[in-house]
Amino acid sequence: MGQRVVIDPITRIEGHLRIEVEVTNGKVSNAWSSATLFRGLELILKGRDPRDAYLFTQRACGVCTYVHGLASVRAVDNAAGINIPENARLLRNLLLGVQFLHDHMVHFYHLHALDWVDVLSALKADPKKASDVANHVSTAGNSGINDFKEVQARLKKLVDSGQLGIFANGYWGHPAYKLPPEVNLIATSHYLEALRQQARTARMHAVFGAKNPHLQSLVVGGVTCATDLNADRISEFKYLWKETMDFVTNVYLPDVVAVAGFYKDWAKIGGTTNFLVYGDFPQNEKEPDSFMLPRGAIFKRNLSKIEPVDMAQVEEHVKHSWYEGDQALHPSKGETKPKYEKLDVENRYSWIKAPRYKGEPMEVGPLARVLVAYGKGHEPTKKAVDGLLKKLGVPPEALFSTLGRTAARAIETKIIGDAMEGWIDQLAENIKKGDTKIYQDYQMPAEAMGAGLNDVPRGALGHWVDIKEQKINNFQLVVPSTWNLGPRCAQGKMGPVEEALVGTPVADPKRPVEVLRTVHSFDPCIACAVHMIDPRSNEVYKFRVV
Amino acid sequence: MKREKGFEERLEKRGVSRRDFMKYCTLLSATMGLSSSFVPRIAEAFTSAKRPPVVWLSFAECTGCAEATLRTTYPWIDELLLDIISLDYQETLMAPSGEAAEKSLHDTIAKNEGKFICVVDGSIPTAENGVYGMIGGKTFLEIAKEVCPKALATICIGTCASYGGIPAAAPNPTGAKSVKDAIGVSTLNIPGCPPNPINFVGTIVNYLLFGKLPDLDDKGRPLFAYGKTIHDQCPRRSHFENGEFVTSFDSEEARLGYCLYQVGCKGPETYNNCPAVKFNEGTSWPVQAGHPCIGCSEPDFWDKLSPFYKSL
């Protein structure tokens, strides 16, 4: 039996997560993923006005705020039988696009990069060499010798002050860090630059969504930003979009390629087997046919056979979660009888249930989306994936890995960002023609059920609402991190992150930076993953299968 | 106070002139309700060599308050982190995980007992001895009891830490409470769901400038930010006075920017400076985007001010 290593808290994620691994002969031989916070949002929604649901569910997560808002209004739109106006669809797509640009950029630089970048090594870099390297890989600004000297001086001052703040006690100097000092300096410089860029990118949300995080212009029936549909606001949005895309194209993408070049061994580590995508970005009212990111399921890495998605095949298991019983049930028949016991990885160890599709754990998120789009022959995705594989000199199998997951995130950032320009122009065109309709009046039904299925930065997201007497009778969220970070099922099959961790090398169990690499590549977002739990009642969910 | 020239020089190199720098100091002082004679002193506070240690504890939260803080632009977040404070523990941003992360927390407390600022986002579940929230095998309740009393001050960022927030909304499944109610310490509250980062940064600057925390109202909120209602500062106020109301989001009244009172605006009962400073570099705020204020900086607003589309 190997050595047990517990990482709690996992930092640089959203929410509270504990990872336990067993290390045998320098590699992870077993892994357990465990969520340690529960808030009970669905119980709080019961009996409230369905129009208010999105304001509550948006607080499921403060990182990917908009996506829960969107899933909820779509669920209530669906229940009330509303067809939203075209401008509302465009605005909702644009705001979702901003969420992708923002989340992926912040994930790469602020949540993930420090697993690959040794910030302190940047002090040893030669600024001239750094400038040469930076100018070789991209045309980004701030890449002169003096720019890098300045970042280095700033870093030195921080180190000399003895107050390292967020960088204190990092695994600096660990043998798993492979970048030359110059590349560490470039990446550190872009880490700081991205801190400002993300604030400017988030401003796009504020232009049509009032503020970020937690936007406030969505409503059941459409959006409310009537006075913002003018030339000033559209150009402000487009300016911020252009600035963001410059950063994505000239900084983010080249950095992913540059860093990945030194970590090609990670193209063989951290892969999973099955993938699930709901799809998103409707181009017209026909869903899911008009989705820009297509829907589909992949089994056993077989990209030549993308299966259609059948929601009746979803079951949630509780055998290894803190609930009574050990039966796997479809969400429509799901029971939630919480029973907290001590954390025991051989028995029960998480507040997250274990969702399975056709009995299998499914990875959701950027890699799943890119694989489904690639398998379905989506041209921009095919071109981007093939181009990247060629640049890195790795085969297509390399996608099934920690590196593949991180690269997929960058690829789709560019694809979604590029598509946004068309939506902005379409919005402007509609306004020019005199079409400013952004809201559809409706009558809230006395009784109805509705579903809102999204695909969002972290993966497949579904909200279901059951309305009785014009109030929320039941509300359910099944979220991306439930799929990715859930524990074992009744059959003992590991959740995707657990599966991905097996085989990960660990050079020093006291400083398990390699484990963080694979865990972070899933961009865990835990607060929302444990919201479907109802701790007090034996609620039987009665949802139509969509 | 020891001056440190590098800050301004570096700003200038980055294309931020002294004039721009003084401009944002002016904006901050306006936010804080100070006279312009304080502007040079804010600049001095920003360039002081000493950085106060800050420990940020995340409990039953959604990370929205940390995300909001990342969006600060007066100053930018990299300046706040590298030049103004020393953020020694913050789970969303910090490099180390697990034991190394816990070491960061314990080192700071040991070295700075009674001198560090503790920031808390998220409320504290108290039902069943707090099992609904744990970090490193300890409940949030235990962690708060251990850390908060050793801090110089505990700043609650966001409505959850300040007043319980969304986890404490009826029926409050986990017995979630504000930091003050859960562990009995007095707190300075920066409510909002999430709050405007300018109100948090303004509070920190107030401390750096005067060596004390700002004056508070009876709900623990700094008066400089929460002294007036949204309604009193609202640019749509004249429409309210003229009886010009939006009744449907698809109406001419909505396009003309009339008052949102009848579709549920909670501005008259909400104390905050949103109309004055707006969000995300002054880009917008909910009423500007045609959506009623939901009262997110008021205690128990999820229950007391909802349904949100029904008029007061």
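Numbers restart at 1 for each chain; the letters A, B, ... are given by sequence-line order, proteins then strands.
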Subject >> Atom pair CD1 (A:Ile44) and CG (B:Asn172), whose distance is rounded to the nearest 0.5 Å >> reply: 7.0 Å
**OP:** Against chain B, work out which of A:Leu55, A:Thr65, A:Leu111 has the most heavy-atom pairs shorter than 4.5 Å and name it.
**Re:** A:Leu55
Original post:
Which residue out of A:Leu17, A:Val223, A:Leu158 racks up the most heavy-atom pairs below 4.5 Å with chain B?
Top reply: A:Leu158
Original post:
Side chain, backbone, both or neither: which part of B:Cys160 has an atom under 4.5 Å from a heavy atom of chain A?
Top reply: neither
Original post:
For chain B, which of A:Ile10, A:Asp52, A:Leu37 has the most heavy-atom pairs under 4.5 Å?
Top reply: A:Asp52
Subject >> Part of B:Ile85 within contact of chain A (heavy atom distance under 4.5 Å) >> reply: neither
Original post:
Relative to chain A, which segment of B:Ala68 carries a heavy atom at a distance below 4.5 Å: side chain, backbone, both, or neither?
Top reply: both
**OP:** Mind listing the closest non-hydrogen atom pair of B:Cys65 and B:Thr69 along with its distance?
**Re:** O-OG1, 2.8 Å
**OP:** With a 4.5 angstrom heavy-atom cut-off, could you sort out which part of B:Glu102 is near chain A: side chain, backbone, both or neither?
**Re:** side chain
Original post:
With respect to chain B, which residue among A:Ala168, A:Ala199, A:Gly165, A:Ala226 yields the maximal number of heavy-atom pairs within a distance under 4.5 Å?
Top reply: A:Gly165
Original post:
Under a 4.5 Å heavy-atom cut-off, does chain A meet the side chain of B:Ser248, its backbone, both or neither?
Top reply: side chain
Original post:
Most heavy-atom pairs under 4.5 angstrom with chain A, which of B:Asp88, B:Asn196, B:Thr92?
Top reply: B:Thr92
Subject >> Under 4.5 Å from a heavy atom of chain B, the part of A:Thr436 involved >> reply: both
